[in-house]
Amino acid sequence: MEYVLGIDSGGTNYRVAAAHLDGGIIASTIGKPANPHYLDQETLKARISQNIEDCLKVAGASKEEIRYIVCGTTGIDSEEDACYVQSCYASLPGFCCPIKVINDAELAHYTVTEGKGVLLISGTGSIAFGVNREGRKARAGGWPLSILGDEGSGLWVTKRALRHFGRWLDGAVEDTPL
């Protein structure tokens with residue numbers, strides 16, 4: 001059996017789907033996140049490998065049958081990031097197929113809009129990504145909260161709520177519905 005793997009490597013989960021070449025899903029799994037900015041290289045590779053192995057086990061498939069892997073991942077914010085993540089995937093033992101890694105927002109944008117317009121994602125992180133009529137790409141946000149901010153993300157909202165609650169406990173703000 002020949003198949004492809006599609007990977008959504010986000011801030012909270014690592015989702016893997018194995019599909020027939022015609023697009024029919026064989027198996028899908030959800031594993032631990034594999035953000036290249038928060039894991040050292042060996043842990044990153046081990047996490048990626050385990051997540052993929054879990055999906056292959058559910059699918060009853062082998063690495064030799066994979067014809068292509070596409071991974072949309074958080075943490076690809078530059079060409080250097082893309083090369084690093086690509087090298088981590090390429091160094092995994094047993095894979096003899098082409099592997100493509102891109103920023104998860106860019107992959108989601110193409111999937112949802114077929115490559116035209118703007119997409120906004122607000123989950124664990126937040127990012128806006130778009131492509132204009134001339135094919136020029138642009139993004140806003142999507143940077144780690146600890147570095148530049150991630151306004152509108154689940155983490156950002158939670159931190160703001162906890163900050164407000166702490167100020168309320170201190171008597172620094174009046175009672176509010178929160």
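FYI, side chains are in, hydrogens and waters are out, and symmetry mates aren't considered; it's all heavy atoms of this structure.
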Trainee: For residues 4-12, please give each side-chain donor-acceptor pair under 3.5 Å, one per line with the distance, not counting sequence neighbours.
Mentor:
unit_1: S9; atom_1: OG; unit_2: T73; atom_2: OG1; d: 3.3
unit_1: T12; atom_1: OG1; unit_2: T124; atom_2: OG1; d: 2.1

Trainee: Is it possible for you to say whether L169 and V173 belong to one hydrophobic cluster, with membership spreading through side-chain heavy-atom contacts below 4.5 Å?
Mentor: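 Linked, L169 and V173 end up in one cluster.
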Trainee: Give a yes or no on whether V85 and L107 share a hydrophobic cluster (residues Ile, Leu, Val, Met, Phe, Trp, Tyr; joining criterion: side-chain heavy atoms under 4.5 Å apart).
Mentor: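 Per the 4.5 Å side-chain linkage, V85 and L107 are not co-clustered.
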Trainee: So do I69 and C97 actually touch side chain to side chain, heavy atoms under 4.5 Å?
Mentor: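 A side-chain contact exists here, since the closest heavy-atom pair is under 4.5 Å.
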Trainee: Could you pull out all residues at least two apart from K57 that satisfy salt bridge (charged side-chain N to carboxylate O under 4.0 Å, His left out)?
Mentor: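 With neighbours one apart ignored, the set is empty.
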Trainee: Atom CG in N103, atom CZ in F129: separation rounded to 0.5 Å?
Mentor: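 If we round to the nearest 0.5 Å, N103:CG and F129:CZ are 7.0 Å apart.
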Trainee: How far apart are the closest heavy atoms of A105 and I121, and which atoms are they?
Mentor: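 In this case the closest contact between A105 and I121 is CA-CD1, 3.9 Å.
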Trainee: When the side chains of residues 14-33 are checked against the rest of the protein, which donor-acceptor pairs come out under 3.5 Å, sequence neighbours left out?
Mentor:
unit_1: Y14; atom_1: OH; unit_2: Y89; atom_2: OH; d: 2.7
unit_1: D22; atom_1: OD1; unit_2: G24; atom_2: N; d: 3.0

Trainee: Just so I know, are the side chains of Y3 and E65 near enough to count as touching, which here means a heavy-atom distance under 4.5 Å?
Mentor: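 Yes - at least one pair of side-chain heavy atoms lies under 4.5 Å apart.
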Trainee: By side chain to side chain donor-acceptor pair (under 3.5 Å), which residues pair with S87, not counting sequence neighbours?
Mentor: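 Counting only residues at least two positions away or on another chain, S87 forms no side chain to side chain donor-acceptor pair (under 3.5 Å).
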Trainee: Can you measure from OH (Y38) to CZ (R47) and round to the nearest 0.5 angstrom?
Mentor: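 Rounded to the nearest 0.5 Å, the OH-CZ separation comes out at 13.5 Å.
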Trainee: Look up atom CG in D54 and atom CG in N51, then write down how far apart they are to the nearest 0.5 Å.
Mentor: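 One finds 6.5 Å between CG of D54 and CG of N51.
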Trainee: Can a donor-acceptor pair be found, under 3.5 Å and without considering hydrogens, that links the side chain of Q41 to the backbone of P36?
Mentor: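 No, because the side chain of Q41 does not come within donor-acceptor range (under 3.5 Å) of the backbone of P36.
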Trainee: Check whether any side-chain heavy atom of D77 lies under 4.5 Å from a side-chain heavy atom of H37, and answer yes or no.
Mentor: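 Contact flag for D77/H37 side chains = yes.
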Trainee: Let me confirm one number: the SG-CD1 distance from C96 to I66, rounded to the nearest 0.5 Å.
Mentor: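 So the gap between those two atoms works out to 9.5 Å.
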Trainee: Got a donor-acceptor contact below 3.5 angstrom from the K116 side chain to the Y110 backbone?
Mentor: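 Looks like no, no N/O pair under 3.5 Å.
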Trainee: For a quick test of reading the model, state the closest non-hydrogen atom pair linking A128 to L120 and the distance between them.
Mentor: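 Taking every non-hydrogen atom into account, CB-CD1, 4.0 Å.
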Trainee: Looking only at heavy atoms, what is the nearest atom pair of S49 and L92, with distance?
Mentor: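 Heavy-atom minimum between the residues: CB-CD2, 4.1 Å.
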Trainee: Give every residue pair that meets the salt bridge (charged side-chain N to carboxylate O under 4.0 Å, His left out) criterion with at least one member in residues 122-138, sequence neighbours excluded.
Mentor: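 Applying salt bridge (charged side-chain N to carboxylate O under 4.0 Å, His left out) to every pair that reaches into residues 122-138, excluding sequence neighbours, yields E106-K137.
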Trainee: Just how far is it from atom CD1 of I127 to atom NE2 of H109, taken to the nearest 0.5 Å?
Mentor: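 Rounded to the nearest 0.5 Å, the CD1-NE2 separation comes out at 11.0 Å.
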Trainee: Looking at every non-hydrogen atom in both residues, tell me the closest pair between R67 and P98 and how far apart they are.
Mentor: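 Of all heavy-atom pairs spanning R67 and P98, the closest is O-CD, 3.3 Å.
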Trainee: Of all residues at least two apart in sequence or in a different chain, which pass the side chain to side chain donor-acceptor pair (under 3.5 Å) check with E64?
Mentor: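 By the side chain to side chain donor-acceptor pair (under 3.5 Å) rule, E64 matches S62.
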Trainee: Within the 4.5 Å heavy-atom criterion, are K100 and C71 side-chain neighbours or not?
Mentor: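 Side chain of K100 against side chain of C71, heavy atoms only: no contact under 4.5 Å found.
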Trainee: Just wondering, do T113 and V131 contact through their side chains at under 4.5 Å, heavy atoms?
Mentor: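 Not touching, per the 4.5 Å side-chain cut-off.
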Trainee: Could you tell me the separation between the CD1 atom of I76 and the CG atom of D104, rounded to the nearest 0.5 Å?
Mentor: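 Between atom CD1 of I76 and atom CG of D104 there are 8.5 Å.
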Trainee: Measure across N35 and T74 and return the closest heavy-atom pair with its distance rounded to 0.1 Å.
Mentor: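 Taking every non-hydrogen atom into account, ND2-CG2, 3.5 Å.
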Trainee: So do the side chains of W168 and E174 get within less than 4.5 Å of each other, counting heavy atoms only?
Mentor: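 SC-SC contact between W168 and E174 ruled out.
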